[in-house]
Amino acid sequence: MWRARPWRAYTDGGVSIVNALALINIEEFIPIIRMPNITVRFYTILKEKLGTGSIELSCSNVGDCIRKLSEKFGEKFTQTVLDSKGKVKGYFILLLNGYVVDRKNLRKQKLKNGDVLHIFPPIAGG
Amino acid sequence: MTFFKNNGYQGKFLRINLSTGKVYREFLQDFLVKDYIGGDGFLAYFLYKELKGGIDPLGPDNKIIISTGPLTGTSWPTSGRFVMGAKSPLTGFWGESNSGGFFGAELKFAGWDFLIIEGKAKEPSYIEIFNDEVKIKSAKNLWGKDTRETTLELQKSDPEAQVLCIGIAGENKVRYACVISNLYRAFGRSGMGAVWGSKNLKAIVVRGNKKITVNNPEKFFEISKKAHRRIIEDPRARQMFRYGTNLLVSAKQAIGEFITRNHSEGVFEGADKLSAEYLEENFKGRPRACFGCSNACKEVYTSSSENPWMKNTTVEGPEYEGTAFFGSNIGVDDFDFVLYATDLCNRYGYDQISCGAVISFIIECYEKGIVNSNDVDGLNLKWGEKEPVIQLLHKIARREGIGDLLAEGTKIAAKKIGRGAEKYALHVKGQEISGQDGRTHRSVALTHAVGARGADHLRSLVTVDQLGYKEAAAQRYKKLFEGKTKKEKEKILNELCNPYSENYKAFAVKHTEDIFCIRDSLIVCWYTCGWPPIFWIDDFAEVLPYATGEEKFGSTDELLKIGERIHNIKRLFNLREGLTPADDTLPERFTKEPMPSGPGQGQVANLEIMLDEYYKLRGWDRKTGKIKQETLKRLGLENV
């Protein structure tokens with residue numbers, strides 16, 4: 001990560017922190033401060049209500065994602081997907097990259113770049 | 001011998017002998033109701049009792065039974081379904097099928113609980129039933145007509161009459177020919193249409209105006225009203241009302257189980273153009289219901305003005321299966337084509353699953369060089385090519401050229417082709433595998449393998465072990481958790497609801513099979529008992545005593561025992577036909593070929609673990625496949 005010997009930044013006397021930071025390969029810091037970019041996909045009645053079938057979001061976990069969707073779409077999202085306690089309604093299906101999301105603690109479900117979160121209204125068939 | 005009083009039943013059935021032209025009116029005996037309930041139960045009892053082992057399914061000794069149940073034609077929701085059974089010409093084993101529509105209710109209104117059709121007519125014939133009047137009439141002017149033409153012809157004098165009929169596929173005994181009801185509903189699986197064709201039976205017309213009584217009308221109607229309300233308010237039912245079963249397309253794609261190119265993959269690049277939302281927007285989907293149903297899950301679509309085969313034409317269906325088999329499974333993402341193929345399947349009278357599977361089989365053989373252009377009448381059978389598929393639909397029904405071979409089903413066709421074709425024939429016991437994949441859904445691997453009628457997803461599809469329905473799974477399979485600590489329950493539930501785990505799937509499949517035998521005896525529609533169900537066995541136990549007056553039906557344990565009995569009779573039927581444990585299996589595509597892509601990448605189904613547990617739970621001998629004596633005794637079948 002360090003492009004130059006960091007001690008030099010301090011022995012030159014008065015080298016500012018900004019200069020010290022210039023010695024750091026900033027690009028390698030980015031994953032620490034930037035959230036993963038994911039795609040969220042909506043279907044049927046949810047797609048219709050939100051007016052879109054997918055959206056790109058930056059979020060660190062599924063719980064964070066649900067919060068951001070609530071902020072972005074407001075009641076269109078919250079009244080359709082969330083119950084009175086703010087939890088995702090039991091009959092909605094959350095799939096992350098095709099796997100069922102553990103709904104007990106959505107914040108524990110971490111996300112990474114390129115993940116796809118599917119929010120399905122209830123489905124049935126055979 | 002006592003005869004059952006009329007409560008939910010009409011107390012009578014018809015035995016029609018096509019060889020002699022004689023019609024017998026028989027009474028429903030008490031024990032049939034108490035031990036078998038109706039529908040599927042009656043099929044099991046009579047087919048096992050009255051058919052001999054080894055008969056030719058396309059010979060005159062086979063019998064067709066068409067049965068209702070005690071709820072058919074009543075105010076209970078989804079009471080429009082009815083069942084049909086015979087020895088299957090596709091598998092040589094137990095054959096049964098189930099259809100919606102209005103015929104079942106009309107048969108009850110005519111005063112009959114079920115029909116047994118025997119023998120073979122000397123010439124093409126149809127049966128006409130108006131209340132107690134039953135006639136066998138000549139169908140010479142109907143033979144050669146498609147199912148739509150036949151139905152409309154027979155309804156000319158009475159548009160309210162209900163018609164079952166076969167198309168040219170059934171007349172030519174295509175082994176997976178179906179019987180069509182109400183133009184678009186089908187007794188799809190098991191080749192029932194071929195059995196009709198072998199008997200020179202073209203159609204049955206029924207009309208009735210008798211009433212159906214129930215034991216406690218006030219209470220029955222009260223429960224029925226609540227049941228309708230439950231459907232109307234259920235979010236899943238509301239989705240199905242709007243989108244039909246094509247709802248499944250996007251979900252299956254997301255989990256990597258959307259069958260693609262003969263089940264070789266689970267992710268299809270054209271899935272978006274087959275999705276429910278796309279169809280609703282572009283093909284004006286709207287709902288239609290069966291008799292007495294608030295679910296109204298049948299979707300009617302109108303083909304586009306650009307459809308080169310049928311412009312602006314309204315067609316009911318397809319279901320998810322039809323969309324998959326004439327869409328992704330042959331590499332096509334054109335719903336106009338799927339609609340046309342569906343219309344042809346309905347008119348010719350094909351099981352859309354088996355027919356689609358046969359076509360994808362021969363395409364894969366062509367792609368892999370096992371057959372060449374000369375073998376397939378010069379057709380360019382490549383994935384995504386539509387015109388050759390249309391040609392095959394015409395040829396198979398008429399048994400012309402390559403159609404004659406394909407009319408036999410994948411099992412026989414693959415054997416005749418040889419050269420490794422059997423690897424691509426995806427069937428169990430001769431019936432083609434439906435639109436699920438055991439590599440991404442372990443319980444369905446077991447469901448397909450052990451199905452009495454061959455690869456079958458409807459007699460025990462678990463569903464709640466996919467897509468995170470833990471609460472429903474915990475409630476449905478509560479016996480699994482009895483006596484367990486909270487931590488143990490959590491562990492079991494996680495394994496049960498893991499679609500990639502073999503654990504506890506045998507319990508779920510066995511339990512579901514028994515309950516679905518009850519479902520098919522009442523008869524109640526699958527779509528309200530499948531995905532986190534609207535109705536389950538507790539609801540059946542509540543309503544049945546009010547319908548029938550039979551207190552025993554108020555116990556879920558008694559109902560489960562009856563369900564288990566029915567299922568074991570089907571097993572006895574198959575054992576008599578020579579079934580062995582080797583028949584409870586899967587093609588290697590699902591057990592040895594890892595899923596190549598998608599969320600299920602690398603997965604294969606370990607069937608043996610599940611089979612071991614399933615046989616144990618069933619009380620069957622693992623080496624011989626036979627039912628153990630103690631199991632037969634427990635179910636009252638020791639003298640069978």
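The figures that follow rest on heavy atoms only: side chains count, while hydrogens, waters and symmetry mates do not. Model, not experiment: these values are computed from the prediction.
- Within 6.0 Å of atom NZ in A:Lys72, 12 or fewer heavy atoms from other residues, nucleotides or ligands are found, so the atom counts as exposed in its surroundings.
- Annotation for A:Lys89: atom NZ counts as buried by contact number, over 12 foreign heavy atoms lying within 6.0 Å.
- For B:Asn498, no part lies under 4.5 angstrom from a heavy atom of chain A.
- In this structure, the side chain of A:Tyr99 engages the main chain of B:Pro599 through a donor-acceptor pair within 3.5 Å.
- For the pair A:Lys104 and B:Glu490, the minimum side-chain heavy-atom distance is below 4.5 Å.
- Proximity of B:Tyr243 to A:Ile45: side-chain heavy atoms (C-beta onward) are separated by under 4.5 Å at one or more points.
- Looking at A:Phe42, only its backbone comes within 4.5 Å of chain B, counting heavy atoms on both sides.
- A salt bridge is absent between B:Glu471 and A:Arg103: the closest approach of a Lys/Arg side-chain nitrogen to an acidic carboxylate oxygen does not fall below 4.0 angstrom.
- B:Arg238 does not touch chain A: none of its heavy atoms, backbone or side chain, sits under 4.5 Å away.
- In this structure the side chain of B:Ile255 never reaches within 4.5 angstrom of the side chain of A:Val100, judged on heavy atoms.
- With a 6.0 Å radius and a threshold of 12 heavy atoms from other residues, nucleotides or ligands, B:Lys273 has its NZ atom at or below the threshold.
- When all heavy atoms are compared, the tightest approach of A:Tyr43 to B:Glu277 is CA-OE2, 3.3 Å.
- Inter-residue side-chain proximity for A:Thr44 and B:Gln239 is flagged as met; some heavy-atom pair is nearer than 4.5 Å.
- From A:Arg41, atom CZ reaches atom CD of B:Gln253 across 8.0 Å, with rounding to the nearest 0.5 Å.
- Here the NZ atom belonging to B:Lys470 is positioned 5.0 Å from the CG atom belonging to A:Asp102, to the nearest 0.5 angstrom.
- Scanning both residues, B:Ala251 and A:Ile123, for their nearest heavy atoms gives CB-CD1, 3.4 Å.
- Between A:Ile93 and B:Tyr469 the shortest side-chain heavy-atom distance falls below 4.5 Å.
- Atom CD of A:Glu75 sits in a sparse spot, with 12 or fewer heavy atoms from other residues, nucleotides or ligands closer than 6.0 Å.
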